[in-house]
Amino acid sequence: MADRSVFLLMASGQIETAEFPEFDDIFLKYSFVQGLDWMITSGIENGMTQISKKSRDQKQIFVYNFPLDITFKSTNPYGWPQLVIQAFGLDVFGNEVIRGYGTCHVPIVPGRHKLCLPMFVPESASLLQMFLSWIMSRRPEFIDPCVVAQGEGRDVTRVRSQGFVEVTFNILTKDLKKLGYDVLPSDVLNPAIPESVGVKSGDA
Amino acid sequence: MDEPPKPRPRRLSKHQLLGDESQAEQGLANPAVQMDGEKAYQTFSQTEGESSAAEIEEIGQAKSLVNDLKTRRRQRQKELSKLTTPKDDVSGELKTVKMKSKQKVEETTKEGLAEALAEAREAAEVKEETTTMPVETEDGTVPMPTEAEDGTIPMPDETTARTEEGTVETSRTEEEPSIPSLPVETPKEEPAEKPPESPPTSRGLSLRARMQSRLQKAKEKAETELREEAREERRLKDKRQSTLTRFDTEMSEIDIERLAEERRNKVKQRWLKMGMTVDMQDSGMPSIKMAHDFFTRHWGSEDEEEPAKPEVKPEKKPEETAEEEKPEGEKPEGEKPEGEETEPKEPEPAEGEAEQEEETTDDKQPLLGEKDEDELGFGMVVMKKPEFIDPKQQEELRKKLLFLPSSRPVPASEKIIGDVEPRYLEEEGFYVGVRPQIPARNQNKMEQRLIRQPDNKGRVWFGEDGKVVALPDPLRPSPSRPAVPDEPDPDLETVFKKAVVHEYDQRYIDGGIDGGGQYQLDVDINSLEFSHHHLFSREHVLAGKLFDLYEQYYIRRKKNMTEFLREKLQALKASKLHLEEHITNNKSEMSASDRQNYEKRLKDYKYEIKQTRIMRDREEDIDRTLLKNNIHTWKELKTQREEQAYTNTSLKLNITSEETNKVEDQVWWKNEIEEELCELREEFEEEFKHRLEIYNEQMVALEKQKEEKEEAKKKLKKARRGSQGSKSSKASKASKASKSSNDLSEVDRKALQDIIDAPDLRDPDPPEHFDENKVREELKKKALKIRRRPGEPILQLLLTSSAVVTPTNQCPRGEQQRRDNVSHTKLFVTVFFNHKQVCQTTLKPLSQDFTVNFGYIYNLKIVQWPESIKYEIHESHGLGSTLLTRLYAGIPEPSITAQNVQLDDFEFSSEHIVQFGHEAVGSGVPFSFKAAQSPIVILMTTGTLRSSVSWGVDDNGLPLIPPISNPTPSNIYHAMKLNDPVAAIGTSGVMNLERLAKWFEQARLDPNDPANADLVYLLGTKGGESQLGPRDFFRLEQLLEEFNMATDEELNENKRFRLIQMRDLEVPEFQNYKFIPPFEKEIARDAFVEYDKRQREKNMIKSDNIEVRHAAAKRNMQKVRETVMQYLRQEAHQKVFQDVVKEDTLPPFIDLISELLNMAEPKRPLKPVRKKLDPRPIIRGPHDPPPYILVNVIRAFDIPVRKSGLSEGAGGQTTRRETIPNIFDNTLVRPFVEAIFQETITSTSVIEGPNPSFNEELQLVLEAPANDYSCKSLQKITDSVYLNLFDEVIHNVGEDDGERRSTVHQRIERKWLGSLRIPFSTIYLNSKIDGIFRVNKPPILLGYTTKESATDTYLQLFITTQPPLKIPEPVKYKFPSNEKEKLLERAEIWQIEVETKYPKRQYMTTVVDMNCKTVFVSRYLKSLKPPEEILAGGPELVAWYVSLIPFVSDAFIFPGMSDIWSTCDQFIQLLAGDEEEHAVLLANYFMSMGKITWLVTGTAIPEGPTCYVMTKENEQEYTIWNAGTAESFSQRDSRCPLLSIGCLISHENIWANVHEADKPAKLDFDLSKTANWKPFFGKGYPSPGLSSIQPEALIYEPVDESSVLLLKETIEQALKNKIMDWRARFITRWNRHCTQIMRKILPSLEETCGKFPNAQYLQELETSFSQYKVSGFPLHMPFSNLENIIETLRATGVHAQDTSDIEFALAVYVKAYPSSILSVWVYVASLIRIR
């Protein structure tokens, strides 16, 4: 299996800032979610930032500048890695509550990308529960935070938007084109067609 | 803070006292401090001028000191605790603080002592080196030795100081941050250069004041005590104090030393002054005074730790009086100045010294930290468990990370490399530029930063003069940012450009709003006229009516149709006459054809005349009615006017009458009538003639019929007569007639009869003659109605508007109001182009005659294609306006331009309903005229708008019309049109194909025209060519084909796609397949082998071979499993809110209230109640150790004992044992338990005796497949925990007696005594298993015997997993059901009812069957017949038979699903099932045997929740059967593994156990007692008579004996091979003789169902192998597959005899029961020849 064709995706970057207009004392947890054909070859899959207070200026942003650095190995773009971010903060009673979930795909095009992740939280099932959850500081949370990275089960939820997280990525790919995936404009002009992909040679 | 000063300091001191400082005072140094202290001491002594060599000595001293300190500290603490607790009037809070700090002190001291020692030593070394060669760095541990030497680094000091404090202080932490930044520091920093200044800020002051007061007290007290203390102790203390201070003074070493000396002297003096007796014997050591100095001086911002010092309070108390305390307490104010002024320099030396020493020590902390990081932090990434970081530690860590540059100047010595004096270039005459002004603070900060850079990198920034290197003039002469000129560059000015829309828009004529074309529509709104308006008065209504009528009249008169027709009639008449004349004259000459022609013409004329006359008459009638109506309405109008006494309208009808000659008229009248009459007569006569002819014909026919009838009658008569008399002589006479009659007789008689019977023709009515008079009357009547009577004047009408309208002031009030309203009413019209308002007329008043003249022409310049032009007519009264109506004007044809347009009348009506109180009639409301009883009328506002729309014309007379052609279709659509015929014909977007088809039909398009081919195709052909209809399909994506890159076959053949598909479908083999390769060629060739094999097997034909049969059963099960899994998969992917979002469920209302009340309770109650934790999944990191199964083997009972041990005589060993004392042989048995799970094998130690108490915990590693410890994956584990009970036998091997004396050579053998198998699923699902288990013991155990009383061996076990695993939640899937809704509902209610009462009992009403349907449980019970041969064997054999069906846990078959019940036929088919399947089958068999049987649900050991069978033997005797093992117990048997009974289920009812007790022995099984047994079907809910889902009868396949034999051979061979494999190192011999005997024994075992067989065989065995030591046992198991048997055999460890000197015997017996249920016996034995 050593000679197996794989491509590598290296993503480094930062969780730079966040914007949660109504809240303070926010920290983030991030994790990467990827498909079955993906493997992390180096880097840290999940982590937690420091608690940040919002800036005292007009912008009122939370600054994290939390580094991300991860390298994936894959054979198949299916299940392209996604960054899932959870935000937590303190509520009025000083309890830690969820402040947002957000997700984005790791960009597929090499280069520098700045992404803005909208953050949202699931809503309570009823008004009374909402009140209770507020009182008891037990807001509804996703059982599996990775649910935001997939479509299944989302139809049953209602969410409210909370803010934004800005992430920058520097993407490097290796051998992606070798496997016949063209992601750059220049690639599209001169597409790479590996021998064993698509129509058999005899048919062509 | 607001407290008076006194209590506050006390409080502070209180816990400082408890903190390290107090110990410092007393010599009980806090370890951290201590360490510092020691180092400080060393450096201190050095600065005192002692040689550095002395330090080594002192290290030794320090060591001893540390020890000393420890002991002292303990003493102190004891004292402290004694002292502090009582007496004090401090609040309770303080106490708690004390307690805490005490704890901390303890902790820190313990930790610190060791460290202190090590560090002290290190520090000493460092010191040594630094003094001699200050620049050199030391081996990495001390990266900044020079700094350490030269001066102080503020940061680490501060941080350490703070951390120290942090450990002790909790209450003061808030104050800390502010303190270091206080400006108070400055005086101390540069004492040599500047005099002390800058008094502390007020805050610092007050704090300080308080502290000082404390300090003062402390000082005094401490002093007295200190005197008693040992010298070393003091020394240490001093050192401590000095370490605790840290200052950023910049001083050269020499300076420091010098200063220190001075200070010390001063201090001494001051102390003396103060009258304190301080012993200062040792000049080299800082004395107590020094120590107190420390307190007395003024501590600026850095006094955080000083307050920590003043302690001693508790000690003071016992010693000093309250009076003493008081003055001291008052001191602060007085002392403060003193502290500041008198001793500003005093602390310096101490500080100076301290600085140096601290550096060395303090530097070490971060350094060590860095070292750690190098090893751990920066190398590989280490995954660790999340650790809890003590906040204290965290604080420290954070301090390590943070660096606050101080704004103090960096000492010059630090900045210059080497020992060089700073060189001032300026002094040497070099040019030194003037540096720009920079605040010294900033500069200092920068210097601090630079100097702090690691590896002295920052040092290069400093020049020789100690300043930051800079250009002579670092400022650039010109600013780098160019000036922005005030006036903007004209080239850069912005130009305004209008915003434009560029994109193509079909709505625009030129494709865009700025297309450039000029197109104009002229809208002319001319006037508005109301035919009815709500402000009409009645008169108006009438006038309107009159006007209409007159209009009609006028038009008619203009046309004068009557006159025209009259003339035409005249002309016709004349021509007719002429023609008639012509005909009569030329009759003879005319040919027939001519005549006919003329006749026809005449006829035509006549017809024409008739028609014309009718028309004339009609016209005359209309004219006359119109005239009448006109006059009538006018009359009405007149009466109306008269009645209301005023005139509103100017209408006036003038009637002019024209006299006529009556005689003339009468003649004309008469003529007219006569003429008409004549014509009518003529006409009539003609018709009469025709009728007469018909009449005559009919008459003739009638006559004829009559005659015929007569004749027929005669004939008939004749015939009758003839037939009667023909037989006689008249033959000749009537021969012919008779013959004929006779001939006719049959056929014609009937015809004749018909003629006779035919109905008589009606007598035709003779045509009437012309009744002249009657006709004339009629004509007269008509004429009277429609024609002017003779002599009546001809009336001419003329409508004029000459009537005088009554002036308003003469009208009654109502009318005045109305007119007022009218004059106030204004109207306006708005014009909408494409639904956008483009213009609006001005308000125009409504005239009294209800017309409005607008006269506006609007020129609309348009850019969009006109779609609609709409008018809206609004009426406004004062402020508001109401919309009367909307009108749509058509888009003008291109030919209509402003030049040729004509005004159009647009009629409108409004549905606006208005009602008035005054004269106006309103609109949409009923009203009647006052005059006659005229009918009620409802009139709506109506009117006409005169307007026109036309295309504009420009100045040159060219019409401004957009291009007529449709907007050119853009290329984008072109391609699409090729595919979309509808678009191709220019009607893209036609949605309704039906309508299109209809249109197609209507338009009569030629379907054969190639131009229409597309359309024809689109509409398709439905039932033939003629019928066109839309096709049945819907084209979602027409271009789909284009994107098919490969054909479907290619896709299916592609391995990679197949793999991806399979994975997506979650096919087990591929479910979590990782790394599907990108290329097909890289896919492993065998990727599909397994899957394909499985697929092939699925479809394999049944075979007679038993093994194959079992394999088939397995496949069957696989199939069922797949379908169930498929279903579950579907279910699993349908999520509900609770699956996705974690939220507290809504508690019931009562709970809610209590919950809210709870909030008021204290958050941390004094007696906390244990909270139940949510069972949350244990999240396992990838590097967590795998979980364990913990098997706690507590004890064993009734282990069989060696026969040799019991009876001395048995075996040949006896003699030997007597000769050689062997303690091992004396024992009865030496058992131990070996646990096997997966790969791990562990065993307990050996305990002697048949009832050993092991009490040992065995750990078995649990390895989940693919390291996935999720529920789903854990459920798939099929492994079992095997607990084997062995007897350890030790043989002496030493052959030679002589040798035996000197050496012991033993061989350890273990003899298998029994085993216990507990499936992992049982452990997993029950989370723990606790109880006494019966060990499966072979029925015969050669060489062992048991006590008669106890035949069974038991093990007491406790099994659980560590850490606890997450148990799958019970299935909450709602399965569909075929049961009635009502039954399900009842079941649910019933179950909840009993479960709430006894939550731990197993109740069951519905279960899930193989088809994933919910089924009522009693449907499973039905009497089913076992096979005949089994039936003969009695219940025991039946149970035996059932138990032979292999056991497979449902959890394994259906992971994620706790229980699925299969029916008995499915069970036998699958040959696998768990407890309930066994139990159901057994119960059904028992029922067929006539037993009263119940299925029992409950909890048993070790199965957990399970099903048993209970039969009623007699009134009081019940038997409980374990269907899985075929064991039966009496209900009172204490050994019964069934511990609790939940419910009893029979085929017709369910009884829930509602006894208090649930042990079977304690239950009363009288089911009629509802207090004990709650029935499901009772009086309230009678049984609906449920049918069973079981089959009518079970079909058993007969056994094929030959294949059984074959199987037996196979097993035996396989086992033998295996044993040989296992002991590959040794020779394995087989003893045939023994095997033969064993073969004989096995069938007898089977016959007795595993009971102890006839002893005869055993004896035989024993006797024939008397020279062998035989140990062996038979194993019994149901056959599922070969692997299981091998596994079981291996578990016994028979093969594990590490010697070649052994023989084996192995016999296999397979007994086949119907339906391939096999019982397998394996007898295995090892034989050792006794020598």
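- Of the atoms belonging to A:F7, not a single heavy atom falls under 4.5 Å from chain B.
- Taking CG from A:D37 and CD1 from B:I1060, the interatomic distance works out to 7.0 Å, rounded to the nearest 0.5 Å.
- Between A:N76 and B:R1056 there is a side-chain heavy-atom pair separated by less than 4.5 Å.
- To the nearest 0.5 Å, the span separating CG on B:D1064 from CG on A:L36 amounts to 10.5 Å.
- Between A:T75 and B:P1077, the shortest heavy-atom contact is CB-CA, 4.1 Å.
- Contacts of A:R154 with chain B are absent, with no heavy-atom separation under 4.5 Å from either backbone or side chain.
- Ranked by heavy-atom pairs under 4.5 Å with chain B, the first of A:S42, A:G79, A:G35, A:S124 is A:S124.
- Crowding of A:I51 atom CD1: a count of heavy atoms from other residues, nucleotides or ligands under 6.0 Å not exceeding 12.
- Heavy atoms from other residues, nucleotides or ligands lying under 6.0 Å from CZ of B:F1057 number 12 at most.
- Contact of A:M48 with chain B is not made at all, since no heavy-atom distance falls under 4.5 Å.
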